[in-house]
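Heads up: the structure comes next, in structure tokens.
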Amino acid sequence: MVGTRPMNEPHRPVLGQLPPRVRIAPSPTGDPHVGTAYIGLFNYVFARKYGGQFVLRIEDTDQERSTASSEAAILEALRWLGLRWDEGPDVGGPHHPYRQSERLAIYQAHVQRLLASGHAYRCFCGRERLEELRKVQLAEKQDVLGYDGRCRALDPAEAAARAAAGEACTVRLRVPKEEGRVTAFDDDLRGETITIENRLIDDQVLLKSDGFPTYHLANVVDDHLMEITHVIRGEEWITSTPKHVLLYQAFGWTPPRFYHLGLLRNADRSKLSKRKNPVSIFHYRDLGYMPETLLNFMGTLGYSMGGDVERFTIDEMITHFDWARVSPGGPVFDPDKLDAFSGADIRALDVEALLGRISATVLAPERLKGLLAHAQGRIARLDDFIPYVSFAFGGAVDYAPVISHVKAIKGRGRAQLIAILEEYAQEIERDREARSFEALALESFSRGFCQAKGWKPKELFALLRIAVTGRTAAPPLFDTMALCGKDRCRLRIRGMIAALQAEADW
RNA sequence: GGCCCCAUGGUCUAGCGGUUAGGACGUUGGCCUCUCACGCCAUAAGCCCGGGUUCGAUUCCCGGUGGGGUCACCA
């Protein structure tokens with residue numbers, strides 16, 4: 001057993017070792033996720049602790065789902081938190097570009113190497129056959145799922161010719177499947193060697209038919225080229241790490257050290273998901289948590305300063321950081337405790353500083369202006385402004401005063417209301433335009449949604465207005481939703497669903 | 001289901017062979033107080049189970065159980 005270490009031996013870099021280079025590699029496919037921030041925090045702290053570099057790399061190899069706006073949002077969210085990266089798509093660096101979609105030629109050249117050395121092969125199996133294969137494997141309850149290796153035996157020259165002739169194909173990793181072969185790597189957080197039998201490792205696709213690499217290939221190539229020394233990521237990657245190790249071996253490269261952190265969990269211990277918890281970093285920003293509070297809170301998840309200390313700054317975390325103080329288990333993200341931290345931090349501010357914070361966020365001039373534009377026509381006295389726009393502040397709202405109006409929506413039962421809200425919340429996330437949460441896009445999405453579901457706009461919009469504001473009267477619905485922001489709307493629509501579910505007598 | 005990871009009160013954790021098992025959030029009760037909040041004091045609640053190793057296991061090893069992850073031309 002290589003690489004095991006007694007648990008009482010703290011992990012310290014060997015003297016004379018180069019400073020670490022670490023990275024986070026978010027995929028720009030949605031709202032900036034707290035899981036990204038969590039992993040980012042540990043990478044950042046580790047890099048700073050040992051005077052290394054923290055790299056931000058955008059893994060936009062999924063052409064279907066990646067968007068520029070998501071990438072921008074991720075950068076914005078990480079900046080808000082104060083996790084500064086030394087190299088990245090915006091600041092550049094010696095290993096640019098840092099956006100994988102701009103490194104296609106690099107991956108293709110590396111795939112050629114693998115093809116030439118026989119570590120990879122072209123595969124002409126189409127999606128239909130793969131789906132069929134999968135169906136059969138599932139039906140037969142096979143334990144090992146995955147590609148059956150049909151194209152492994154193809155003559156490389158012939159395969160190359162077919163590809164050159166324009167036949168669609170992918171390139172797969174040729175996993176050495178000889179009886180008894182295993183692939184192992186050390187997880188330095190766990191202090192264990194993790195070993196997996198090669199027969200359980202799939203001949204992973206490395207290059208997709210659209211010419212883009214998969215995560216596995218791009219990740220290994222870039223980590224090597226960018227001289228990443230320590231890969232600190234979520235434990236969801238543990239089972240695919242052997243594929244990466246095989247790739248390092250195929251290229252003749254030395255793999256980095258691996259640290260797999262436990263995944264953030266919902267209250268029911270499943271992996272943190274937006275169905276059960278707010279997961280967007282912007283949710284926490286827009287509902288008025290201070291970045292240092294969030295950072296400190298996340299720092300207490302999985303990490304401990306030791307003893308009784310749990311309130312600490314990121315600088316304190318950096319100076320005290322030690323891998324031996326990181327727990328491998330997946331912590332529950334407890335919003336109540338975050339609130340307690342947040343309240344304490346607000347109280348610790350002097351009034352002047354608090355005013356500064358609020359002026360810069362909750363009451364930022366730009367935001368106020370947007371609100372005023374809609375309040376102006378609806379108030380009689382300047383002083384009415386605050387109560388009038390109160391719907392745009394705070395988290396959950398109380399539906400008790402307005403629930404009768406919901407019940408009065410003609411011809412719609414409780415179950416129907418719950419269902420439509422759930423569908424609405426779900427589909428709006430998938431709509432490329434609407435998820436920007438701009439009024440116009442919201443409106444066109446919502447009207448289309450009504451049509452598709454056979455609801456009159458009037459009924460749905462009334463329901464949404466009540467759900468989002470807790471009131472029956474407000475500025476035009478889509479302006480209101482835009483003013484409240486995506487995360488607040490999401491939170492309140494969920495709140496409305498919960499309120500409806502609680503109305504047992506209806 | 002196969003494989004992999006994990007395991008201290010409800011939650012986050014301290015503990016690194018011998019402790020009255022400590023702290024924080026939450027709970028409950030009280031104090032403070034015009035109310036609420038804050039603050040303060042107190043409270044109930046935990047080492048998953050079974051084998052080893054050891055004079056001695058919460059701690060080390062193995063097994064079980066439980067939880068999680070993963071089995072895509074998504075990351």
Side-chain angles (χ1 to χ4, degrees), chain A residues 6-10 25-30 33 35-36 58-66 100 123 125-127 130-131 133-134 137-138 140-147 168-172 182 185 187 189-190 192 194-197 199-202 204-219 233-243 260-272 297-311 324-344 346-348:
Chain A
M7 287 310 286
N8 59 359
E9 199 177 285
S27 176
T29 53
H33 198 281
T36 303
I58 298 296
E59 307 239 344
D60 56 348
T61 55
D62 184 342
Q63 290 194 81
E64 294 290 302
R65 298 194 304 146
S66 297
Q100 290 186 328
C123 172
C125 297
R127 297 193 189 254
L130 261 18
E131 269 165 44
L133 184 64
R134 187 182 165 71
Q137 290 172 339
L138 251 22
E140 292 178 358
K141 292 193 199 300
Q142 294 186 14
D143 288 335
V144 184
L145 306 176
Y147 185 57
C169 72
T170 61
V171 176
R172 289 181 182 273
V182 300
F185 66 96
D187 185 297
L189 172 58
R190 288 142 222 278
E192 299 276 347
I194 296 173
T195 305
I196 291 181
E197 295 176 68
R199 65 181 187 85
L200 303 174
I201 305 174
D202 194 20
Q204 182 59 233
V205 169
L206 302 175
L207 196 68
K208 306 184 227 179
S209 53
D210 65 359
F212 274 58
T214 56
Y215 168 86
H216 305 283
L217 201 235
N219 170 265
R233 78 226 300 190
E235 68 178 329
E236 53 194 331
W237 294 108
I238 288 183
T239 48
S240 49
T241 302
K243 289 172 189 170
H260 290 98
L261 261 30
L263 261 21
L264 259 22
R265 315 280 191 93
N266 298 309
D268 66 3
R269 297 214 154 274
S270 55
K271 164 165 135 178
L272 196 69
F297 176 67
M298 290 193 299
T300 64
L301 305 178
Y303 176 74
S304 160
M305 294 279 270
D308 297 345
V309 184
E310 63 174 6
R311 299 313 314 269
R325 304 215 59 86
V326 181
S327 347
V332 172
F333 189 99
D334 178 6
D336 286 341
K337 188 157 181 175
L338 206 213
D339 277 350
F341 274 31
S342 183
I346 286 170
R347 268 168 249 125

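Just so it is clear: chains get the letters A, B, ... in the order the sequence lines come, proteins before strands, and each one is counted from 1.
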Subject >> A/R269 side chain, from C-beta outward: closest of B/C73, B/U11, B/A72 >> reply: B/U11
Original post:
Checking all strands, does A/V144 fall into the base, sugar-phosphate, or nothing category for heavy-atom contacts under 4.0 angstrom?
Top reply: nothing
Original post:
Distance-only, no hydrogens or angles: does the A/R190 side chain make a donor-acceptor pair with backbone N or O of A/H260 under 3.5 Å?
Top reply: yes
Original post:
What's the shortest heavy-atom distance between A/I196 and A/P242, and which atoms?
Top reply: CD1-CG, 3.6 Å
Original post:
Say you pick atom C1' in B/A7 and the same atom in B/U59; how far apart are they, in whole Å?
Top reply: 13 Å
Original post:
Nearest of B/A75, B/C4, B/U13 to any side-chain atom of A/E59?
Top reply: B/A75
Original post:
Would you say A/Q137's side chain and A/G146's backbone share a donor-acceptor pair under 3.5 angstrom?
Top reply: yes
Original post:
Within the pair A/R190 and B/C5, is there a side-chain N or O less than 4.0 Å away from OP1 or OP2?
Top reply: no
**OP:** Can you tell me the pairing partner of B/G66 across any strand shown, Watson-Crick or G-U wobble, with both distances under 3.5 angstrom?
**Re:** B/C6
Original post:
Is a donor on one side and an acceptor on the other found under 3.5 Å between the side chain of A/R325 and the backbone of A/S304?
Top reply: yes
**OP:** Could you please spell out the steps behind the side-chain contact (heavy atoms from CB on, under 4.5 Å) verdict for A/C125 and A/Y147?
**Re:** CA-CA 10 Å; A/C125 297; A/Y147 185 57; 3.1 Å; yes
**OP:** Could you give the distance separating B/C31 and B/U13 at their P atoms, to the nearest angstrom?
**Re:** 36 Å
Original post:
Is any side-chain N or O of A/R347 closer than 4.0 Å to OP1 or OP2 of B/G39?
Top reply: yes
Original post:
Can you name the closest pair of heavy atoms from A/Q142 and A/L145 and give their distance?
Top reply: O-CD2, 3.5 Å
**OP:** Ignoring backbone atoms, establish whether A/K208 has a side-chain N or O less than 4.0 Å from OP1 or OP2 of B/C74.
**Re:** yes
Original post:
Base, sugar-phosphate, or nothing: which does A/G329 touch, judged by heavy atoms less than 4.0 Å apart?
Top reply: sugar-phosphate
**OP:** Rounded off to whole Å, could you give me the CZ-to-P distance for the A/F185 and B/C5 pair?
**Re:** 8 Å
Original post:
If pairing requires Watson-Crick or G-U wobble contacts with both distances under 3.5 Å, which nucleotide is the partner of B/A24?
Top reply: B/U11
**OP:** Would you classify A/E310 as touching base, sugar-phosphate or nothing, given that sugar-phosphate means primed atoms plus P, OP1 and OP2, and contacts are heavy atoms under 4.0 Å?
**Re:** base
Subject >> Residue whose closest nucleotide on RNA chain B lies nearer the 5' end, A/P328 versus A/W237 >> reply: A/P328
Original post:
Between B/A75, B/G2, B/C25, which nucleotide gets closest to the side-chain atoms of A/L200?
Top reply: B/G2
**OP:** Please determine, for the side chain of A/D62, which listed nucleotide (B/A75, B/A24, B/C71) has the closest atom?
**Re:** B/A75
Subject >> Any A/T61 side-chain N or O less than 4.0 Å from OP1/OP2 of B/A75 >> reply: yes
Original post:
Base, sugar-phosphate, or nothing for A/S304, non-hydrogen atoms under 4.0 angstrom?
Top reply: sugar-phosphate
Subject >> Interatomic distance at C1', B/G26 relative to B/U20, whole Å >> reply: 25 Å
**OP:** For B/A57 versus B/C16, give the span between their C1' atoms, rounded off to a whole number of Å.
**Re:** 13 Å
Subject >> For atom CZ of A/R65 and atom P of B/C74, their distance in whole Å >> reply: 9 Å
Subject >> Gap between atoms CZ and P, on A/F333 and B/U13 respectively (whole Å) >> reply: 13 Å
Subject >> A/Q100 to A/N219 - nearest heavy-atom pair and separation >> reply: NE2-N, 4.0 Å
Original post:
Over how many whole Å does the gap from A/Q204 atom CD to B/C71 atom P extend?
Top reply: 9 Å
Original post:
Across the strands shown, which category fits A/R311 at heavy-atom distances under 4.0 angstrom: base, sugar-phosphate, nothing?
Top reply: nothing
Subject >> Polar side-chain contact A/S27-B/C74 base: donor and acceptor under 3.5 Å >> reply: no
**OP:** Could you check whether A/G234 gets within reach of a base, just the sugar-phosphate, or nothing at all, counting any heavy atom under 4.0 Å?
**Re:** nothing
**OP:** May I ask you to evaluate whether A/K271 reaches the phosphate of B/U70, defined as a side-chain N or O under 4.0 Å from OP1 or OP2?
**Re:** yes
Original post:
Would a distance-only check, ignoring hydrogens and angles, find a side-chain to backbone donor-acceptor pair under 3.5 Å from A/D202 to A/Q204?
Top reply: no
Original post:
Between B/C6 atom P and A/I238 atom CD1, what is the distance in whole Å?
Top reply: 7 Å
**OP:** Could you tell me whether the phosphate oxygens of B/U13, OP1 or OP2, come under 4.0 Å of any side-chain nitrogen or oxygen in A/R325?
**Re:** no
**OP:** Select base, sugar-phosphate, or nothing to describe what A/L207 touches, counting heavy atoms under 4.0 Å on all strands.
**Re:** nothing
Original post:
Of the nucleotides B/C73, B/A72, B/C4, which has the atom closest to the A/V205 side chain?
Top reply: B/C73
Original post:
If the C1' atom of B/U43 is compared with that of B/C4, how far apart are they to the nearest Å?
Top reply: 42 Å
Original post:
Ignoring hydrogens and geometry, is there a side-chain-to-backbone donor-acceptor pair from A/D268 to A/S270 under 3.5 Å?
Top reply: yes
**OP:** Indicate, with a heavy-atom threshold strictly under 4.0 Å, whether A/T300 touches base, sugar-phosphate, or nothing.
**Re:** sugar-phosphate
Original post:
If you measure from the P atom in B/C47 to the same atom in B/U8, how many Å do you get, rounded?
Top reply: 11 Å
Original post:
Roughly, in whole Å, what's the span from CG in A/L217 to C1' in B/C74?
Top reply: 15 Å
Subject >> Euclidean distance for C1', B/A72 against B/A14 (whole angstrom) >> reply: 42 Å
Original post:
When you check the phosphate oxygens OP1 and OP2 of B/G67, does a side-chain N or O of A/R265 lie under 4.0 Å from one of them?
Top reply: no
**OP:** Sticking with atom P, work out how far B/G10 lies from B/C6, rounded to a whole angstrom.
**Re:** 22 Å
Original post:
RNA chain B: A/G307 or A/S240, which has the more 5' nearest nucleotide?
Top reply: A/G307
**OP:** Please give the nucleotide sitting opposite B/U33 as a Watson-Crick or G-U wobble pair, both distances under 3.5 Å, or none.
**Re:** none
**OP:** Find the distance A/E236:CD to B/C71:P and express it as a whole number of Å.
**Re:** 10 Å
Original post:
If you look at every strand shown and take non-hydrogen atoms under 4.0 Å, does A/C125 touch a base, only sugar-phosphate, or nothing?
Top reply: base
Original post:
Does B/C60 have a Watson-Crick or wobble partner in any strand here, with both distances under 3.5 angstrom, and which is it?
Top reply: B/G52
Subject >> d(NE2, A/H260; C1', B/G68) in whole Å >> reply: 15 Å
